[in-house]
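Read the structure below first, then the notes.
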Number of protein chains: 2
Amino acid sequence: MSDQDACSAGWCAGEEWCPVTCTADLLGRKWHPVVVHRLLVHDSLRFSELREEIGGVTGKVISDTLDDMEEKDLVERSVVDEKPVQVEYALSERGESLAPIIEAMDEWGRDHLVSVDAVETPSA
Amino acid sequence: MSDQDACSAGWCAGEEWCPVTCTADLLGRKWHPVVVHRLLVHDSLRFSELREEIGGVTGKVISDTLDDMEEKDLVERSVVDEKPVQVEYALSERGESLAPIIEAMDEWGRDHLVSVDAVETPSA
DNA sequence: CTGTATCCACAACGATACTG
DNA sequence: CAGTATCGTTGTGGATACAG
C-alpha cells in the first residue's frame, strides 16, 4: 500500500468507512474491471496484447489504468526483454482476489445485458 | 430499457461487447454501489434516510445518482405521502439481481481493506 | 515495443441557494 | 421533506505526437 489509511472514499451506516464505497473507489474506473478480467483469463499479457484485447481504448488510457492499478498493488509489471523492451502484466495476489467481484460482474452482464440480438430471439 | 442498444461502453477479446465493461459502466460511479448496498440491507429508504445512511455526500449527488439509477431501472421510486412529500426508494428486480456483485465488493472490502486498526490484530 | 507529454472535452462531484 | 438550479473544480477519458 502506498501511504494513506485504508480508504477515504466515504462511510455509511454510522461506520467509519464503507467497504463497498472503498472497493468501488479502487476499481471504479472505466477500464479497471476489464483489465482484471482479461488478466484473470490470460494470466499474463504484454502491453500491446492488453491493448489489442480491450477495444476502444488508446495506449495512454491503458497506461494510466495500469499505472494506477500497479500503485494499488493490483497488478505486477515485469520486464521480460530489454531489447526491444517487452513487458508483461499479471495480477498480484491482491488483484486475483478480486476474481469473485469481476466474475459476478461478468455473469451479471451476460445475464442482464442484451447483446443486440439476444433479446428478440424467442423460438416461440 | 430506454432507447439505446445494450451497451456501447466497450468490447474485448474480439467480442462485440464486453459484459464486464458494460456492467462497470452501469454502476461504475462513485455512489451507485453503496446505494444498492444500503437498499439491499434496508429494503427501502426515504430520500433523507439514504442521505443520512451514506456519509460525505450532498443531496444533489444522491439525487443525481438515484435519477440515473431509476433511468437504468435499478431502483424504483414511490411517493408515500403527499403532504409533506415523502418518497421511498427500493431496488427493482434488476437492482436486486446486482446483489452478488455488491456483496462480493462488500466482502472484499472487509477482507482486503484495512480499517485502520484491523491490520495488526492476528490472534496467532 | 512501451510508454510519456500535451491538450482538450466532458461528465461527475461538490457547495450553496432556492423551490414545490 | 424532497428535490432542482447554478456554478465551479476536478478527474477521467480520448487524440495525437513524441521518446527511451
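Residue numbers start from 1 in every chain, and the chains themselves are labelled A, B, ... in the order their sequence lines are given, proteins ahead of strands. What's counted below: heavy atoms across the whole structure, side chains too, no hydrogens, waters or symmetry copies.
Nearest nucleotide to the side chain of A/R29, out of C/dC1, D/dG13, D/dG3: D/dG13. Comparing C/dC1, C/dG14, D/dG13 by their closest approach to the side chain of B/K30 singles out C/dG14. Checked against D/dG14, C/dA15, C/dT2, the side chain of A/T58 finds its nearest nucleotide in D/dG14.
Residue B/R51 is classed as having no contact, given no heavy-atom separation below 4.0 Å to the nucleic acid. Among the protein residues, A/V87 comes within range of the sugar-phosphate backbone only, with heavy atoms under 4.0 Å from sugar or phosphate atoms but none that close to a base.
The phosphate of D/dG3 has OP1 or OP2 within less than 4.0 Å of a side-chain N or O from B/Y89. For D/dA2, neither phosphate oxygen OP1 nor OP2 lies less than 4.0 angstrom from any side-chain nitrogen or oxygen of B/R77. Side-chain nitrogen and oxygen atoms of A/S63 include none within less than 4.0 Å of the OP1 or OP2 phosphate oxygen of C/dG3. Put simply, A/R46 has no side-chain N or O that comes within less than 4.0 Å of OP1 or OP2 on C/dC1.
Salt bridge A/E88/A/R46: absent, no basic N to carboxylate O contact under 4.0 Å.
Judged by distance alone, the side chain of B/R110 and the main-chain N or O of B/M105 form no donor-acceptor pair under 3.5 Å.
With rounding to the nearest 0.5 Å, the separation of OG in B/S78 from CD in B/Q86 is 11.0 Å.
Residue order along DNA chain C, read from the 5' end via each residue's closest nucleotide, puts A/G59 first among A/A9 and A/G59.
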